[in-house]
Amino acid sequence: MKQYTLCMVCKDGKILLGMKKIRFGAGLWNGFGGGVEEGESIQDAAYRELQEEAGIVALNMQKMGVVRFSFEEDATLQLEVHIFKTTDFTGEPVESDEMKPQWFTLSDIPYKQMWTDDELWMPLLLEDKQFEGTFHFDRPSTAEYSAKILRHDLKELG
C-alpha cells in the first residue's frame, strides 16, 4: 500500500484548498500533499509537499488521521493517506504547476467538487479530533465523475 500525505491549512476561520491541475484527482479541490519519497519520513513529506504545491512553509503540523483508500475497479490501487493540519505558516500561497490555492470560509467548503469522503472526515479535522478510516470506492473521482463510496469505516480516536 503506497503512503501519501495530505495537509489541510486552516487559519482565521478559513481553509486553504488547492484546485488539482494534473494527474490523480485533477479538477477537484483538495488539501496539499503527495507521495512519500524513499528515505523520507511521512511528516517530512507533508512539509515538502505543502511547500512545493502551495509555496508556504508550515511552522508546525499536527497529525490528525490516517485514511486508507481502495477501488473496486482497480484492486491494485491502494492508498494510505496520512492527514495533517497546520494553522501556522510563513509565506503567501502561490499557484504551482500542480495546484491553484484558494481560501474558503468553513461554511463554503466546496464538498461537491471534492472527493466524496472529504465531507465525512473533514468535520472531525476541523474540530481538532483525530480519526482513522477506510473507504472503498467504485473508481477514482475526476472533475466529471464523483466516486461512489461502496463501503467505509470511520472512527474518532481517543
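Count residues from 1 along the sequence.
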Donor-acceptor check, side chain of [X] to backbone of [Y], threshold 3.5 angstrom: yes or no?
{"X": "Y4", "Y": "I83", "answer": "no"}
{"X": "E40", "Y": "E37", "answer": "yes"}
{"X": "K21", "Y": "S96", "answer": "yes"}
{"X": "T134", "Y": "H152", "answer": "no"}

Would F24 and L77 count as a side chain to side chain contact (heavy atoms under 4.5 Å, CB included) here? Give the steps. CA-CA 12 Å; F24 195 74; L77 183 58; 4.0 Å; yes
For atom CG of D97, is the number of surrounding heavy atoms from other residues, nucleotides or ligands below 6.0 Å larger than 12? no
Which atom names give the shortest non-hydrogen contact between [X] and [Y], and what distance separates them?
{"X": "A58", "Y": "F89", "result": "CA-CB, 4.0 Å"}
{"X": "G31", "Y": "M99", "result": "O-CE, 3.2 Å"}
{"X": "T116", "Y": "S146", "result": "CG2-OG, 3.2 Å"}
{"X": "A147", "Y": "F137", "result": "CB-CD2, 3.5 Å"}
{"X": "T87", "Y": "N60", "result": "N-OD1, 4.2 Å"}
{"X": "S70", "Y": "H136", "result": "OG-ND1, 2.6 Å"}

Any side-chain heavy-atom pair from [X] and [Y] closer than 4.5 angstrom?
{"X": "P101", "Y": "V94", "result": "no"}
{"X": "M122", "Y": "Y111", "result": "yes"}
{"X": "L154", "Y": "D117", "result": "no"}
{"X": "T86", "Y": "L59", "result": "no"}
{"X": "E98", "Y": "R23", "result": "yes"}
{"X": "C7", "Y": "M61", "result": "yes"}

Mind checking whether [X] and [Y] sit in one hydrophobic cluster, side chains of I, L, V, M, F, W, Y counted as touching below 4.5 Å?
{"X": "Y47", "Y": "M64", "result": "no"}
{"X": "M19", "Y": "M114", "result": "yes"}
{"X": "L120", "Y": "F71", "result": "yes"}
{"X": "V66", "Y": "V81", "result": "no"}
{"X": "V67", "Y": "L125", "result": "yes"}

For the [atom1] atom of [X] and the [atom2] atom of [Y], what is their distance to the nearest 0.5 Å?
{"X": "L16", "Y": "C10", "atom1": "CG", "atom2": "SG", "value": "9.0 Å"}
{"X": "D138", "Y": "E73", "atom1": "CG", "atom2": "CD", "value": "7.5 Å"}
{"X": "I109", "Y": "D118", "atom1": "CD1", "atom2": "CG", "value": "9.5 Å"}
{"X": "E144", "Y": "L28", "atom1": "CD", "atom2": "CG", "value": "9.0 Å"}

Residue list, side chain to side chain contact (heavy atoms under 4.5 Å, CB included) with T105, at least two apart or on another chain: K14, S107, D108
Fit a plane to each ring of F69 and F135, take the angle between them on a 0 to 90° scale, and name the class: parallel (under 30°), tilted (30 to 60°) or perpendicular (over 60°). parallel
Over-ring placement of K155 relative to F131, 6.0 Å and 45° cut-offs: no
In short, side-chain hydrogen bond (donor to acceptor under 3.5 Å, both in side chains) pairs touching residues 74-83 with sequence neighbours left out are Q3-E80, K63-H82, R68-E80, D74-T76, E80-H82
Dump the intermediate steps for side chain to side chain contact (heavy atoms under 4.5 Å, CB included) on L17 and M8, then the final yes or no. CA-CA 7 Å; L17 298 173; M8 309 309 291; 3.6 Å; yes
So if I apply the side-chain contact (heavy atoms from CB on, under 4.5 Å) rule between [X] and each of [options], which one comes out positive?
{"X": "E156", "options": "K129, E127, E132, Q130", "result": "K129"}
{"X": "T5", "options": "I42, D44, L50", "result": "I42"}
{"X": "W103", "options": "D12, I15, V9", "result": "V9"}

Please confirm whether W115 and Y145 have ring centers closer than 6.0 angstrom. no
Should R139 and E72 count as an ion pair when the cut-off is N to O under 4.0 Å? no
For W29, which residues count as a ring pair (Phe, Tyr, Trp, His ring centres under 6.0 Å) partner, sequence neighbours excluded? F104
